[in-house]
Amino acid sequence: MCPPTYFDVNYSINEWMDPTESVDTTRANDQWQSLVDTYRRLGHRVHLVDPVPGLPDMVFVTDSGLVVDGVALGARYRSDHRAPEADHVLRWFVEHDVRRPTRPVYINEGEGDLLVVGDIICAGTGFRTDERAHAEVERHLRRRVVTLRLVDPRYYHLNTALGVIDDRTIAYLPSAFDERSRLTLRALFPDAILADESDAAWLGLNLVSDGANVVMAGQATSLAAQLRERGYRPVPVDMSEFLKSGGGIKCCTMELRGWVEPGERP
Ligand code: ARG
């Protein structure tokens, strides 16, 4: 995670961002800290990358790469505003001995568009990540990649339209995808939870789940109810200040899958 020290909205690269609206920095810091506290309370370990002045979106660290089996693929941003973030996170990978840290050739916004579900990686395209990056992901991380096309500009990253609940279960907003992708999703995940417009508008799908606890926007009440019905435990965290930038819980959280801290290796 990356502290929101320099978080602000001073450019606009998605429909949520209005640079004339002001950000309450204290509130943003408090909300972000409560997300960190929530993870720790649930028994997860949180590592931090240093925030960098002039990079107001760096708090959305998930977009800067994807780590699977302890192997890292870095990011390449579509917008020049965010481009330097990728280098800072790539350096973190190198310094912390994440294996094979590599800068991708094609535009690729990390876990913003690449979501691991069990053995496969669901990969978004349409707004940010270049479809050609999907084959690159497949080669570097040796996992099957399924391409999904996003069509609603409010849900410009895959992780705003689809949330991974466990190795077999996802939740998503059908209208955020083109018809072919909806067919793909229905075939792969016949038991998926279907979110509604209001869940999605609170970025309720921008969630982090450990398979039992689902850390998510509490305002997404119908999604929370569906999760509860299936035996999961929604854990509400309010990240409303970050909605001004089009970001939520998952955006602030990169998952380090299969990475063991150098000091703890045998
Ligand atoms: N302002 C950021 C952008 O538009 C928000 C990114 C949020 N991340 C996400 N995965 N949705 O790039």
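One-based numbering, in listed order, for ligands and for the atoms of each.
- Checking only distances, Thr62 never comes within under 3.5 Å of ligand 1, N or O to N or O.
- Proximity to Thr160 (heavy-atom distance under 4.0 Å) selects the following atoms of ligand 1: 11 (N).
- If you check the side chains of Thr125 and Glu131, you find no donor sitting under 3.5 Å from an acceptor.
- Contacts of Arg82 with ligand 1, taken as heavy-atom pairs under 4.0 Å, involve the side chain alone.
- Remark: ligand 1 atoms within the under-4.0 Å shell around heavy atoms of Gly246 are 7 (C), 11 (N).
- In summary, the side chains of Asn108 and Thr129 do not present any donor paired with an acceptor at a separation below 3.5 Å, with no hydrogens or angles considered.
- If you look at Trp202 and Trp16, their ring centroids are not closer than 6.0 Å.
- Looking only at heavy atoms of the protein, atom 10 (N) of ligand 1 is closest to Asp63 OD1, 2.7 Å.
- Side chains of Thr253 and Tyr39: a donor on one and an acceptor on the other come within 3.5 Å.
- When only interatomic distances are considered, the shortest N/O to N/O separation between Asn206 and ligand 1 does not fall below 3.5 Å.
- At the shortest separation from atom 9 (C) of ligand 1 among protein heavy atoms lies Cys251 SG, 2.7 Å.
- Among the atoms of Asn159, some N or O lies under 3.5 angstrom from an N or O of ligand 1.
- Using modelled atom types, one finds a donor on one side chain and an acceptor on the other under 3.5 Å when comparing Arg27 with Ser240.
- Looking at Leu203, Leu115, Val215 one by one, the single match for side chain to side chain contact (heavy atoms under 4.5 Å, CB included) with Lys250 turns out to be Leu115.
- With ligand atoms numbered from 1 in the order given, ligand 1 contributes 10 (N) to contacts under 4.0 Å with heavy atoms of Gly112.
- Annotation: Phe7 is in aromatic contact with Phe242 [ring centroid separation under 6.0 Å].
- Between the side chains of Asp238 and Gln219, at least one donor N or O lies within less than 3.5 Å of an accepting N or O.
- If you look at Tyr156 next to ligand 1, the close heavy atoms, those under 4.0 Å, all belong to the side chain.
- Only the side chain of Arg128 comes within contact range of ligand 1, with a heavy atom under 4.0 Å; no backbone atom does.
- With hydrogens and angles disregarded, no donor-acceptor distance shorter than 3.5 Å links the side chain of Trp32 to the backbone of Val59.
- The part of Met17 lying near ligand 1 is the side chain, judged by heavy-atom distances below 4.0 Å.
- Of the protein's heavy atoms, Asp57 OD2, 3.4 Å lies nearest to atom 2 (C) of ligand 1.
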